[in-house]
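What follows is a set of notes on a single structure, which appears directly below.
Below, chain A is the first sequence line, B the second, and so on; all start at residue 1. What you see is a predicted model; the values in this text were computed from it and never measured.
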Amino acid sequence: MGALSLKDLHIHYDRQPVVQDFSLDIGDGEMVALLGPSGAGKTTILKVVAGLLAPARGEVIIDGQVVNDRPPEKRDAVMVFQKPLLFPFMNVNQNIAFGLKMRGDDAARRSRAVERILALTRLAGLGPRKVHELSGGQQQRVALARALVLEPAILLMDEPLSNLDANLRQEMRELILTVQSELNITTLFVTHDQAEALMMSQRVALLLEGRLRQVGSPRDLFHRPADPEVARFFGGGNFFRGRLHEGHFECDFGRLPVTAADGNGHLRTATIRPEDIQLATAPVDLPDSFAGTVVRTRFEGMATRAWIRCPFGELVVLTAESALAPGQSVRLRLPPDKIRVFSEASSSE
Amino acid sequence: MARPDAGIDARTRRGPGPTHLALMLLPALVVVVMLFGGGLLLGVLQALGHLPGAGLERLSGMHFGRVLTDPDFIQSFGLTLYVAAVSTLLAAGLSVVAALALNRMAARWRLVHFVFQIPLTVPHLVIAVAVIFMLSPAGLLARLAVAAGLIETASEFPLLVNDRWAIGIILTYVWKEIPFITLMLLAVLQNAGGELIDVGRTLKADAWQRFRHITLPTIFPALGAASLIVFAYTFGAFEVPFLLGRTYPMTLPVWAYKHYSDIDLMARPEGIATGIVIAAVVAMAVVTAQALTRRARKRGIVL
């Protein structure tokens, strides 16, 4: 199948740098999510891999071969766009068979491949339909089928689920995961949706302002963010300063035992996720806790987000306790094993 | 308590019904029907021989019969068809090339886009006069050719105006209609063409395949509709062939005009019958253009 390496990519638009120093290796059959907010440069990177844009510097390597000089049609990479972009003058069968026809496959082979991919993408029976007769979800599935039928070394997906409603999106996620694992296609998947990235990929590459900030497993990025910005992107809202001293993080909230390595005596930034903070409405429930007052709350369905004023600042807590009210007194505890102390370089913000 | 007719209210509030709509459009429709329909009816009556001023009152298809069996009519019809078809085909072909080039340049050079729109504002008559100044044996090109030593006298310059092949007429139409068709194609290309081309590139289509399988089908409805409109116009236009055409054979509109303005009032019904034939051909082209446009919209291609 295919391995993809991006080496030191620099991409400019109108001489303005959009992506800088971007390097990423994706193994054969791996599914990697390129995550970042709108305008971070995710689609630009995908277009460079597809050959639709040229990088100012750096190399795109597919299966060990530098493909910078190859036009898109000569690269073994196919892109699924944000919009389905089906050819309106063709039916479903013709749309899916398009790439095979351009490649020169004969009619019988095309027909067999289309039938197989229609079944795999749960589109069986829709082959003769006109594009405008399909629902949004079906159109996006046809776009996916049209790419998959070519069995490319690299599948590039540019937020293909962003135009779908919540139910369809969930259905498509399952479908993509099933198809990807069945065909074992190396996939680079662009999304701005953290949940989608964490749920769908084996590894996540986080891009912020055109720079790669962290690459790792979904659990790594979620629980062990490399710096406060990464933590903030993943919903972290609690940051506090303190000093590392003999395996403890000494801060306003107390002397918390942490697993952070070296850096005795140094000033560092630490974080704890809102859902990791323990909250109790009765003081007896929590040892090593401190008092706080609820400032405001927001009901989020499965949990309630509460802003708690403490003697040393404000903390955001995500709790199953749904009966909190502004002004209410609570006890909070920061479990030491949930505190993430950032390294010196990333603590300096 | 909810009103029992609440659902009906919600439905009817969506917009006016067909009767309401027809009533609202009635004032405008009356004017159009009176002016256009009245004129057409009067024309049909005259073509059918109802010309009381000339002592003709009995209705018959005699004048249509005479026109349609007249060898001159057949020649004129052939010439008109030739001029309309050739100028439309040339304009359509060149417009495709121009639209593709402009589509690439438009983002960077908006001025080119603007300059291209200028001919749209120039009347056909002005361009016809310009063609006479440029291409006639006493025109600018002939004199330049003499000055450059390419020919000895202006009379050696090839006949491009009032000529057998209607080159002057065709050039005028081509020059005038290219911007019209191009801008229609450009609108389609800028709307959907670029993204579909990118899809085609990642789906292994080379440059020719992208043009053949993506660009052409994408622009085809707009190209067809615009070409049919141009065909309809050039088929029915009078002033350019009147100025730049030969005296024999004439194009149908010139032929109709000559009959209509003939000193012999008996020729008038034939002139009008010719006009009705032209109107029928034009109407067919417009209806076909509309059908193409509707079909394209149904398939999601924006025109």
### Message
If you count heavy-atom pairs within less than 4.5 Å of chain B, which of A:Arg75, A:Arg146, A:Lys74 leads?
### Response
A:Arg146
### Message
Out of A:Gly51, A:Ala77, A:Pro71, A:Ala143, return the one with the most heavy atom pairs under 4.5 angstrom to chain B.
### Response
A:Ala77
When rounded to the nearest 0.5 angstrom, what is the spacing between [atom1] in [X] and [atom2] in [Y]?
| X | Y | atom1 | atom2 | value |
| --- | --- | --- | --- | --- |
| B:Ile214 | A:Met90 | CD1 | CE | 6.5 Å |
| A:Phe87 | B:Thr218 | CZ | OG1 | 8.0 Å |
| B:Ile197 | A:Leu85 | CD1 | CG | 11.5 Å |
| B:Lys204 | A:Asp76 | NZ | CG | 6.0 Å |
| A:Ile96 | B:Leu203 | CD1 | CG | 11.5 Å |
| A:Met102 | B:Arg201 | CE | CZ | 15.0 Å |

### Task
Sort and list the pairs that fulfil salt bridge (Lys or Arg N to Asp or Glu O under 4.0 Å) and have at least one residue in residues 209-224 of chain B, not counting sequence neighbours.
A:Glu73-B:Arg210
### Query
So, for A:Phe98 and B:His213, which heavy atoms are closest and what is the spacing to 0.1 Å?
CE1-CB, 3.8 Å
### Query
Where do B:Thr202 and A:Ala50 come nearest, in terms of heavy atoms and distance?
CG2-CB, 4.2 Å
Only distances under 3.5 Å count here; give the side-chain donor-acceptor pairs of residues 103-113 of chain A to other protein atoms, sequence neighbours excluded, each with its distance to 0.1 Å.
unit_1	atom_1	unit_2	atom_2	d
A:Arg103	NH1	A:Leu150	O	3.2
A:Arg103	NH2	A:Asp105	OD2	2.9
A:Asp106	OD1	A:Ala108	N	3.2
A:Asp106	OD1	A:Arg109	N	2.8
A:Arg110	NH1	A:Asp105	O	2.9

### Message
So for A:Leu100, is it side chain, backbone, both, or neither that comes closer than 4.5 Å to the heavy atoms of chain B?
### Response
neither
